[in-house]
Peer 1: 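One structure, pasted below without further comment.
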There are 2 protein chains.
Amino acid sequence: MTTVNAMNLAEIGNLVGDLTRAQMLTALLDGRALTAGELAWCAGIMPQTASSHLAKLQAAGLLTMEKQGRHRYFRLSSPTVAAMLESMQVVCAVDAPRRIRPESRMDKDMRMARSCYDHLAGVLGVALADALTRQGAVDLTADGGVVTAQGRNMLGSFGIDVAGLADQKRCFCRPCLDWSERRHHIAGALGKGLADRLFQLGWIKRVRDSRVIRVTPEGQQGLKQTFAIDHPV
Amino acid sequence: MTTVNAMNLAEIGNLVGDLTRAQMLTALLDGRALTAGELAWCAGIMPQTASSHLAKLQAAGLLTMEKQGRHRYFRLSSPTVAAMLESMQVVCAVDAPRRIRPESRMDKDMRMARSCYDHLAGVLGVALADALTRQGAVDLTADGGVVTAQGRNMLGSFGIDVAGLADQKRCFCRPCLDWSERRHHIAGALGKGLADRLFQLGWIKRVRDSRVIRVTPEGQQGLKQTFAIDHPV
DNA sequence: GGCATGCTTCGGCGCCGGTCGAAGTGTTCT
DNA sequence: AGAACACTTCGACCGGCGCCGAAGCATGCC
């Protein structure tokens, strides 16, 4: 019997399948580490309850914990976990028969620009991928992506150490299906490099307590000049 | 609040998180369509119970149903769903702290060679990917893969219509992390093409009621001659 | 028509697991 | 030292869900 596989599958599913834990995981999906208390607040439960959930998630290897003074910081234990969660969201978004879309302000912002573990997603993420493709800097297919010689120059002068990124163990340029746009954006080391550089330049900023990304006025101008992207407010 | 995302996530997780449903999904992971009765048998439950589970999975869009006489055939509704399930299994295999491995005969066979939705996985799948890489037919990275000019010739003379496969909508050559080998094998249209051709040649056969693949004596010989693969019995 | 088969719906049972209050441990601040 | 804080453990409650028996529809075979 293939039960051993199914058991693993069910265990993971079960962990993600509780709304409270799903809220915690969603909160951690931007790659930051949060304290147990913050996670409890995110999920709207008492600290004791959060503690038991976090213990389970940690025991299963989805989360790693780091003690720091009297705080305990939790983060997703690897990009693999983030990728899994994204793939689950993609299934919701793509395959589910249409259902009520609350269309809240936050949802709108999330669709506009958000962090996806350590890179950019939403309209902005897709626009960046499009722009780099249009400029011949990267060749992005559904299967994967490569940076062209021209792209290396361009990204280099933009302040991204392409060679350094490519040396890392992790995927260099992975296409990541965007659950809101239903198109691909750039993930992997290059995706992180791009996001990091935009943060560094002050072109984008995180919105507190969410994955939403805000484009600053300088970013607005810079994106237009460098990538010919007209990002809405 | 990002609750809408978390809700979707939890819904999917909840569906996969029940051992019974996980067994059904695992049984469907090879891409075939099974009847409600067969799925009930796979999960070891009564038909009534299976019916309710299948209704839920279908309502959520994970499964599609097709009536055929008095049978109802269920299958995974898309490769996206299969990819999600695989990604969940990868997380179990890679991130989970080591746990008891029952080491049953079936597990051994599964690790040796199995179908993964519509392509090959296990030792055989990885060996094929290695062989094609070694022969310079494909260039497989963690990000994606491409078929070389030489590869097109080689695969063409092996009876695979590379150009035809590349024209399809779906990913052509996607690397898929193997949960047992923890290395990549070839998925996507090319992966399916390879598997189909090996079935057609009679080199491999499915084992009844499982995803296990058996290599025939002809296959043993053919794999050695064509790909220099010494596949264990 | 009569009967077997495949699947669904309904109703009630039983249990697993998420929840919080209370109490305990370890850390930091004054 | 004592108090405030962050988090964990324990115990009890209870709601939800997976389970099966019985009955109800469809379909196919004789």
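Note that these values count all heavy atoms, side chains included, but never hydrogens, waters or copies made by symmetry. First the proteins, then the strands, lettered A, B, ... as listed; each starts at 1.
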Peer 1: Expressed as a whole number of angstroms, how long is the span from B/Gln23:CD to D/dG18:P?
Peer 2: 14 Å

Peer 1: Could you tell me the separation between the CG atom of B/Leu19 and the P atom of C/dC16, rounded to a whole number of Å?
Peer 2: 14 Å

Peer 1: Starting from C1' on C/dG17, measure out to CG on A/Leu15 and report it in whole angstrom.
Peer 2: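 Value for this atom pair: 12 Å.
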
Peer 1: Rounded to the nearest Å, what distance is computed from the NZ atom of residue A/Lys67 to the P atom of nucleotide C/dT25?
Peer 2: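 Rounded to whole Å, this separation is 15 Å.
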
Peer 1: Is there a side-chain polar atom (N or O) of B/Thr49 under 4.0 Å from OP1 or OP2 of D/dC20?
Peer 2: yes

Peer 1: Could you walk me through whether B/Ser51 and B/Leu54 pass the side chain to side chain contact (heavy atoms under 4.5 Å, CB included) check?
Peer 2: CA-CA 5 Å; B/Ser51 184; B/Leu54 291 169; 5.9 Å; no

Peer 1: For the helix from C/dG1-D/dC30 to C/dT30-D/dA1, how many degrees between its two end axes (five pairs per end), to the nearest 10°?
Peer 2: 30°

Peer 1: Which pair of heavy atoms, one from A/His231 and one from A/Ala113, lies closest together, and at what distance?
Peer 2: NE2-CB, 4.4 Å

Peer 1: Between C/dG17, C/dC20, D/dG21, which nucleotide gets closest to the side-chain atoms of A/Asn14?
Peer 2: C/dG17

Peer 1: Could you tell me if the side chain of A/Leu25 sits less than 4.5 Å from the side chain of A/Leu63, heavy atoms only?
Peer 2: yes

Peer 1: Distance check needed: D/dA6 C1' versus A/Met65 CE, whole Å only.
Peer 2: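 My rounded result for the distance is 12 Å.
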
Peer 1: If you look at every heavy atom in B/Gln23 and B/Cys42, which pair is closest and at what distance?
Peer 2: NE2-O, 4.1 Å

Peer 1: In residues 30-37 of chain B, which residues come under 4.0 Å of DNA chain C by heavy atom?
Peer 2: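 Nucleic-acid contacts, sorted: B/Thr35, B/Ala36, B/Gly37.
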
Peer 1: For A/Arg72 and C/dG26, is the shortest distance between a side-chain N/O and OP1 or OP2 below 4.0 Å?
Peer 2: no

Peer 1: If you assign A/His53 and B/Pro47 each to the DNA chain C nucleotide with the nearest heavy atom, which residue ends up on the more 5' nucleotide?
Peer 2: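 Residue closer to the 5' terminus by nearest nucleotide: B/Pro47.
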
Peer 1: State whether the side chain of B/Thr216 and the backbone N or O of B/Gly202 hold a donor-acceptor pair below 3.5 Å, judged by distance alone.
Peer 2: yes

Peer 1: Salt-bridged, B/Asp178 to B/Arg111, with N to O below 4.0 Å?
Peer 2: no

Peer 1: Within this structure, what is the CD-to-C1' distance between A/Gln68 and C/dG26, rounded to whole angstrom?
Peer 2: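 Rounding to the nearest Å, CD of A/Gln68 and C1' of C/dG26 are 16 Å apart.
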
Peer 1: Is there a side-chain polar atom (N or O) of B/Ser52 under 4.0 Å from OP1 or OP2 of D/dC19?
Peer 2: no

Peer 1: Atom CG of B/Leu28 and atom CG of B/Leu85: how far apart are they, to the nearest 0.5 Å?
Peer 2: 9.5 Å

Peer 1: Taking only side-chain nitrogens and oxygens of A/Lys56, does any of them come within less than 4.0 Å of OP1 or OP2 of C/dG18?
Peer 2: yes

Peer 1: Atom CD of A/Gln48 to atom P of D/dC13: distance rounded to whole Å?
Peer 2: 17 Å

Peer 1: Using heavy atoms to find the nearest nucleotide of DNA chain D for A/Ala55 and A/Arg70 separately, return the residue whose nucleotide is more 5′.
Peer 2: A/Arg70

Peer 1: Calculate the interatomic distance between A/Ile45 atom CD1 and D/dC7 atom C1'; express it in whole Å.
Peer 2: 13 Å

Peer 1: Do any N or O atoms from the side chain of A/Arg21 and from the backbone of A/Leu15 form a donor-acceptor pair under 3.5 angstrom?
Peer 2: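 It does hold such a pair.
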
Peer 1: Would you check if A/Ser77 and A/Gln58 make a side-chain contact, meaning some heavy-atom pair closer than 4.5 Å?
Peer 2: no

Peer 1: Below 4.0 angstrom, N of the basic side chain to O of the carboxylate: do B/Asp161 and B/Arg197 qualify?
Peer 2: no

Peer 1: Quick check on DNA chain D: between B/Asp18 and A/His71, whose nearest nucleotide comes earlier from the 5' end?
Peer 2: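 The residue closer to the strand's 5' end, by nearest nucleotide, is A/His71.
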
Peer 1: Quick one: on DNA chain C, does A/Met46 or A/Gly69 contact a more 5' nucleotide (nearest heavy atom)?
Peer 2: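 Of the two residues, A/Met46 wins.
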
